[in-house]
Amino acid sequence: MKIQRLLYVPSADMVPPVLARKYGDFAPTVRFDELQAAILALGHTLELDTDNTSRDMDCYRVSDSAARIHVISDLDPYGSGTPDPDGHQVGDVWSIDLGDHSR
């Protein structure tokens, strides 16, 4: 699930209809601290996945799952000084990967 795509194509067909019916409208961005609080409230923990963390993204593993959450940690990792034209901020969730990481 590529959360950042919600910024680019804010249309009804961006979110699968079954999710929209169950959860309503989706915001164009998701703050990691809000998602983290919800995950912790469910009794899970989050751990920084240093193998998948990069210069501009932190990656977190969700306990007891294959989920990985990628969070913007630096909007200007190469020092160009150019602001993000789409309004991304440090602390925004970039993507959530639900795949199998056991391989």
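Note that these values count all heavy atoms, side chains included, but never hydrogens, waters or copies made by symmetry.
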Partner set under side chain to side chain donor-acceptor pair (under 3.5 Å) for Ser54, not counting sequence neighbours: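 Expected list: Asp56.
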
Side chain to side chain donor-acceptor pair (under 3.5 Å) partners of Asp33, counting only residues at least two apart: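 Partners of Asp33 by the side chain to side chain donor-acceptor pair (under 3.5 Å) criterion come out as none, since no residue qualifies.
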
Val93 and Arg31: CA distance, side-chain angles, deciding distance, side-chain contact (heavy atoms from CB on, under 4.5 Å) verdict: CA-CA 6 Å; Val93 174; Arg31 299 292 301 164; over 6 Å; no

Cluster check Val18, Tyr23: I/L/V/M/F/W/Y, side chain < 4.5 angstrom: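 Yes.
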
Cluster overlap Phe32 with Leu48, hydrophobic side-chain contacts below 4.5 Å: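 Linked, Phe32 and Leu48 end up in one cluster.
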
Shortest non-hydrogen contact from [X] toward [Y]:
{"X": "Leu98", "Y": "Ala67", "answer": "CD2-CB, 4.0 Å"}
{"X": "Ser73", "Y": "Asp58", "answer": "CB-OD2, 3.6 Å"}
{"X": "Gln89", "Y": "Leu75", "answer": "CA-CD1, 3.8 Å"}

Aromatic plane relationship, Trp94 with His88 - under 30° parallel, 30 to 60° tilted, over 60° perpendicular: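 If you compare the ring of His88 with that of Trp94, the planes turn out tilted.
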
Rounded distance [0.5 Å steps], CE in Met57 versus CD1 in Ile72: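 Those atoms lie 5.0 Å apart.
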
Within-4.5 Å side-chain heavy-atom neighbours: Arg68 and His70: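 In contact.
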
Under-4.0 Å salt bridge between Arg55 and Asp74: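 Here Arg55 does not pair with Asp74 in a salt bridge, since their nearest N and O are not under 4.0 Å apart.
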
All side-chain contact (heavy atoms from CB on, under 4.5 Å) counterparts of Glu47, not counting sequence neighbours: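 Expected list: Arg61.
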
